[in-house]
J.: 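What follows is a structure written as structure tokens; I'll ask about it next.
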Amino acid sequence: MLNLVSASLVSLLLSFGQSPPEVVPAQMLSWQDASLFQLPVQPDPDAIAIAQQYLEDLVKDGIAPETQQGIWLQSGMTTLADHHGKVPRSAASLTKIATTLAALGKWDASHQFTTSISINGTIENGVLQGDLIIIGEGDPLFVWEEAITLGNTLSDLGINRVTGDLIVVGDFFMNFNSSPTASGSLFKQALNQKTWSGDFNYTHGNMSPGTPRPEIEIAGVVKKLTDFAPETILIEHNSLTLAEILKYMNIYSHNALSQMIADGVGGAKAVAEISAEAINVPQNEIQLTNGSGLGVDNRISPRAVTKMLMVIEHNLKSEPLGVTDLFPVAGRDARGTMRKRNIPSGAAVKTGTLSQVSALAGVLPTRDQGLVWFTVINNGSWNLQEFRDRQDALLQAMTEVWGVDPNATFATDSEYLGDPSRNIMQQTEEKT
């Protein structure tokens, strides 16, 4: 049994309290008035001891926990441990948890963004006599792989050359470029392997074996039109589902992708407001200047981070999905931010890193405490790898005391970029 903490810290933890929640719109969260938002303060001796040992180890290494560290541990309705948990701190990429929550408030987890291909001309002997038109719906993860496979589908329709221009309509973004015209130029390049650069060749080499290389030449230039009603749709390309896009974003902690998703919701201010309302905390506990976490001005309290994860889990039950479908999971994802981490298997986590910030939040399935939700935010000038090692050790200590849930499961990866089955060909006629 771990040693009990000093009386001063116990007093601090026992002083935690929370006022009744305010009434919020039912369409966002119908369970806002549930007891989850009236958390009883029942600090667990083991949890307090684990947190205290963690803080004491930081002190030994010259870090001041009272002013620079935040911890929140929770299981079900019970707050297990709280160290400055309501204080907003530079949270780095934990911001992406807020972006995830806000995105799921706007779109269903199964939502797919459609990118359509149209023409204003005729296809004769493999030549499109007219313009090729790409119509975007704001797909934030339209990248090289998607463009290559879309080019191959155009080739399957018999198009080898376009005499006119490439016209871009709507919100078409490629490779996280917010300019539709620049994105159109990238797409034009993707359609013709003769113009590929090293990035294209590297990407194609990582696609499914046997993926063809499109070779469609467009004679004209790239143009952007704001008002266009296509008469003929050749192909409808469906993106990955929103859940899959969010998982990609969180596994790689992709800043540009996160910002594009946040912009689709309405920007950083909208993300902060939606998130604070969804979890019923004061707005000052979620202060955002962007949707990715870049910069120290994005500040979130450990309590708010933890509640956001719990709300995401609850709202996804009807899909049915959970946080393990949206965030990296130890034991499944050895890529992205999970590389070189020693996190207990089955834990779904989100990392956050800046030059003076290291953060970790997520959920740990345990045998004795069930799902333990946690957020640790470390601020201060120190070796970031040491911070990460301490965080991993904190989770390992939890499993030593509470055990590992033997029944915990998580889904394996199934999606992949450049899947041709997401290209739906429409009826078209070719003149020969």
Side-chain angles (χ1 to χ4, degrees), residues 1-16 39-76 78-87 89-92 94 301-303 305-306 309 330 340-353 356-405:
M1 177 69 68
L2 293 168
N3 294 328
L4 293 179
V5 299
S6 64
S8 61
L9 182 61
V10 173
S11 177
L12 170 66
L13 295 173
L14 290 175
S15 66
F16 169 74
L39 301 178
V41 183
Q42 301 172 10
D44 180 88
D46 290 333
I48 297 173
I50 292 170
Q52 176 68 359
Q53 186 62 58
Y54 173 81
L55 295 170
E56 289 178 355
D57 288 340
L58 293 181
V59 171
K60 293 176 183 178
D61 292 308
I63 299 297
E66 286 296 327
T67 59
Q68 295 180 306
Q69 317 309 320
I71 300 174
W72 188 276
L73 304 181
Q74 182 171 334
S75 177
T78 302
T79 302
L80 300 176
D82 165 18
H83 179 77
H84 298 304
K86 301 179 190 176
V87 178
R89 301 183 180 279
S90 295
L94 297 191
S301 73
R303 175 176 74 159
V305 173
T306 306
L309 286 168
K340 300 181 180 180
R341 298 299 297 248
N342 186 29
I343 294 171
S345 181
V349 303
K350 181 68 196 78
T351 62
T353 305
Q356 295 187 24
V357 180
S358 181
L360 185 69
V363 59
L364 178 67
T366 71
R367 180 194 61 223
D368 300 335
Q369 284 282 8
L371 296 179
V372 176
W373 304 85
F374 61 88
T375 299
V376 181
I377 301 179
N378 301 128
N379 290 172
S381 298
W382 201 40
N383 185 302
L384 292 177
Q385 186 58 50
E386 293 291 338
F387 270 140
R388 296 187 188 107
D389 291 343
R390 294 284 192 219
Q391 294 160 3
D392 294 355
L394 176 67
L395 298 191
Q396 295 291 348
M398 293 182 196
T399 61
E400 289 176 8
V401 173
W402 297 321
V404 177
D405 183 356

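Start at 1 with the first residue, then count along the sequence.
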J.: Any heavy-atom pair between the side chains of L309 and K350 that's under 4.5 Å?
T.: no

J.: Hey, could you give me the OG1/CG distance between T375 and D82, rounded to the nearest 0.5 Å?
T.: 11.5 Å

J.: Show the nearest heavy-atom pair for residues N342 and D392, with the distance to one decimal.
T.: N-OD2, 2.9 Å

J.: Contact between V357 and F387 at the side-chain level, heavy atoms closer than 4.5 Å - yes or no?
T.: no

J.: Any side-chain heavy-atom pair from R390 and N378 closer than 4.5 angstrom?
T.: no

J.: Is any side-chain heavy atom of L360 closer than 4.5 Å to one of T351?
T.: yes

J.: For the side chain of T399 and the backbone of G403, is there at least one donor-acceptor N/O pair under 3.5 Å apart?
T.: no

J.: Decide yes or no for P344 and V404: does some side-chain heavy atom of the first lie under 4.5 Å from some side-chain heavy atom of the second?
T.: no

J.: Please answer whether the main-chain N or O of S90 pairs with a side-chain N or O of N379 as donor and acceptor at a distance below 3.5 Å.
T.: yes

J.: Can a donor-acceptor pair be found between the side chains of D44 and Q369 at a distance below 3.5 Å?
T.: yes

J.: Which heavy atom in L73 sits nearest to a heavy atom in F374, and how many Å separate them?
T.: CD2-CB, 3.5 Å

J.: For D389, what residues pass the side chain to side chain donor-acceptor pair (under 3.5 Å) criterion, not counting sequence neighbours?
T.: Q385

J.: Given side chains that start at C-beta, do those of V305 and W72 come closer than 4.5 Å, heavy atoms only?
T.: no

J.: Please step through side chain to side chain contact (heavy atoms under 4.5 Å, CB included) for the pair I71 and L55, ending with a clear verdict.
T.: CA-CA 10 Å; I71 300 174; L55 295 170; 3.8 Å; yes

J.: So V87 and S301, do their side chains get closer than 4.5 Å, heavy atoms only?
T.: no

J.: How close do V401 and D368 get, heavy atom to heavy atom, and via which atoms?
T.: O-OD2, 3.8 Å

J.: Measuring from L80:CG to D46:CG, what's the distance to the nearest 0.5 Å?
T.: 10.0 Å

J.: With S358 as reference, evaluate Q391, R388, E386 under the side chain to side chain donor-acceptor pair (under 3.5 Å) test and give the passing residue.
T.: Q391

J.: If I compare all heavy atoms of H84 with all of R89, which pair ends up nearest, and what's the gap?
T.: CB-NH2, 3.4 Å

J.: Any side-chain heavy atom of D57 within less than 4.5 Å of one from Y54?
T.: no

J.: Mind listing the closest non-hydrogen atom pair of P302 and T306 along with its distance?
T.: O-OG1, 2.9 Å

J.: Do E56 and Q52 have a side chain donor and acceptor closer than 3.5 Å?
T.: yes

J.: Can you name the closest pair of heavy atoms from G352 and A92 and give their distance?
T.: C-CB, 3.6 Å

